[in-house]
Every structure is written in structure tokens, then in C-alpha cells.
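What follows is a single structure, written as C-alpha cells, with notes after it.
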Amino acid sequence: MTATFYEQVYDIVRMIPKGRVSSYGAIAKSLGAGGSARMVGYAMNNAGIAMPRVPAHRVVNSKGLLTGKYHFSPPELMVQLLENEGLVILDDQIKDFKTVFWDPMIELNK
DNA sequence: CCTTTGACTGCTG
DNA sequence: GCAGCAGCCAAAG
């Protein structure tokens, strides 16, 4: 695979179904990157210019908090997009996070 | 080649 | 339950 770590992250994120979310750590782990969750977030920084568009709004931290919302323009966009997909956001936190959580390790049968 | 940078995570007090 | 600290590791300068 000539794909960089970023591209691998993008692939996983694009696979996240509508109305579901995943976490940085889970994605990193599914890539075999171990605890390099920060790298996933760092990759998301590039997601803004990645093609095709990467649904970065479906990626949150392990607690279901929209930690990266301030990287959107405007920050409220992330919440809007998630709510548009049927999710409920309460004070920057995803309601029923465990229920809508999408685990790449399981869904991709890795 | 060495340093800095993170949209994170888990443990500890 | 919350704040602080350290570990994590790839990419960019």
C-alpha cells in the first residue's frame, strides 16, 4: 500500500454509514496504528482539502464529544450535519453515543 | 536529521 | 466527577 496514513484514515471515515459516528482511537486501532489516535485527528486536518470529501463530522473523540467542531466553518456546521443525519447533539455531546457508535474493527470484520 | 505539532486516550490524585 | 500528566506516533518544517 502506497497509501499514507492519512489516506487510510480517509478510507475508514468514508465508510462510516449515515447516522453513525466513530472515534479517533477506534479508527487508529483498526489501522493497526495502536494508540495513535492523535494521528487520526491530525489527518482530519487534511480532510478539509481531501477529495472526495471526508465526512469528518462523523468522527468524534472516545467520549462522543465534538472536540473538532472548532475546525469547521462555522463550528456549528458539525452539529448541524450530524443532526441532519438523525443524530441528537446535547451540548457538543452525541446523545446515545454508544448506540450510534460505528466500530471499524467490527463493521470491517478486521 | 532533529524538532515541533496535534480534531486523542487512559491513568492518577 | 474533574483536572493534570504522560504516552502515543506519523507528517511537516
Side-chain angles (χ1 to χ4, degrees):
Chain A
M1 290 287 275
T2 58
T4 63
F5 193 85
Y6 289 8
E7 294 177 74
Q8 295 181 54
V9 173
Y10 302 151
D11 283 339
I12 298 290
V13 176
R14 291 192 194 101
M15 290 179 221
I16 301 177
K18 178 185 176 184
R20 296 295 202 89
V21 294
S22 191
S23 75
Y24 301 97
I27 294 172
K29 197 174 183 181
S30 70
L31 290 176
S36 58
R38 312 176 78 164
M39 303 305 93
V40 178
Y42 201 36
M44 290 296 96
N45 195 31
N46 251 355
I49 63 175
M51 290 294 284
R53 185 174 73 85
V54 177
H57 59 277
R58 293 182 183 150
V59 185
V60 296
N61 72 356
S62 61
K63 296 185 178 68
L65 291 172
L66 311 187
T67 54
K69 66 176 284 188
Y70 295 108
H71 290 254
F72 287 80
S73 302
E76 294 76 36
L77 177 63
M78 186 172 187
V79 178
Q80 290 297 311
L81 288 172
L82 290 171
E83 289 182 337
N84 190 40
E85 296 186 353
L87 295 180
V88 180
I89 312 301
L90 294 178
D91 192 29
D92 294 351
Q93 181 170 303
I94 298 177
K95 183 181 175 64
D96 299 324
F97 176 58
K98 289 189 301 184
T99 304
V100 298
F101 180 72
W102 185 80
D103 190 341
M105 293 278 275
I106 298 176
E107 302 300 331
L108 299 182
N109 194 24
K110 280 199 160 183

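Computed from a predicted structure; not experimentally measured.
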Check nucleotides 8-10 of chain C against the protein and report each pair of N or O atoms closer than 3.5 Å, with its distance, or say if there are none.
unit_1	atom_1	unit_2	atom_2	d
C:dC8	N3	A:R38	NH1	2.9

Item to check | Backbone N/O of A:Q80 and side chain of A:E83: donor-acceptor pair under 3.5 Å | outcome: no

Taking atom [atom2] of [N] as reference, at what distance in whole Å does atom [atom1] of [X] sit?
X     : N      : atom1 : atom2 : result
A:I49 : B:dA7  : CD1   : P     : 16 Å
A:Y24 : B:dT5  : OH    : C1'   : 16 Å
A:D92 : B:dA7  : CG    : C1'   : 13 Å
A:K29 : B:dG10 : NZ    : C1'   : 12 Å

Next on the checklist: Only pairs with both distances under 3.5 Å count, Watson-Crick or wobble alike; so what is the partner of C:dG1 in this structure?
Outcome noted: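 No nucleotide pairs with C:dG1.
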
Checklist entry - In the structure shown, which nucleotide is the Watson-Crick or G-U wobble counterpart of C:dC8, with both distances under 3.5 Å? => result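 Because no pair has both required distances under 3.5 Å, C:dC8 counts as unpaired.
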
Next on the checklist: Please give me every residue in residues 63-70 of chain A whose heavy atoms get under 4.0 Å of an atom in DNA chain B, ordered by residue number.
Outcome noted: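 Hits under 4.0 Å, by residue number: A:T67, A:G68.
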
Next on the checklist: Hydrophobic clusters here meaning ILVMFWY residues chained together by side-chain heavy-atom distances under 4.5 Å, can you tell me if A:M44 and A:M15 are in one?
Outcome noted: yes

Next on the checklist: Is there a path of hydrophobic side-chain contacts, each under 4.5 Å between heavy atoms of I/L/V/M/F/W/Y residues, joining A:L66 to A:V40?
Outcome noted: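 No, no single cluster joins them.
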
Quick one, [X] and [Y] - any side-chain contact, counting heavy atoms below 4.5 Å?
X     : Y     : result
A:R14 : A:P52 : yes
A:I12 : A:S30 : yes
A:L87 : A:R58 : no

Item to check | Name of the residue among A:V54, A:V21, A:V9, A:I27 meeting side-chain contact (heavy atoms from CB on, under 4.5 Å) with A:V59 | outcome: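 When side-chain contact (heavy atoms from CB on, under 4.5 Å) is applied between A:V59 and each of A:V54, A:V21, A:V9, A:I27, only A:I27 qualifies.
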
Taking distance alone, no hydrogens or angles, what donor-acceptor pairs closer than 3.5 Å link side-chain atoms of residues 92-101 of chain A to residues at least two apart or in another chain?
unit_1	atom_1	unit_2	atom_2	d
A:D92	OD1	A:K69	NZ	3.0

Next on the checklist: What's A:N45 touching, base or sugar-phosphate or nothing? Going by heavy atoms closer than 4.0 Å.
Outcome noted: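 It contacts base atoms.
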
Checklist entry - For A:A43, which contact category applies under a 4.0 Å heavy-atom criterion: base, sugar-phosphate, or nothing? => result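 Touches nothing.
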
Checklist entry - What is the distance from atom OG of A:S23 to atom CG of A:N61, rounded to the nearest 0.5 Å? => result 8.0 Å

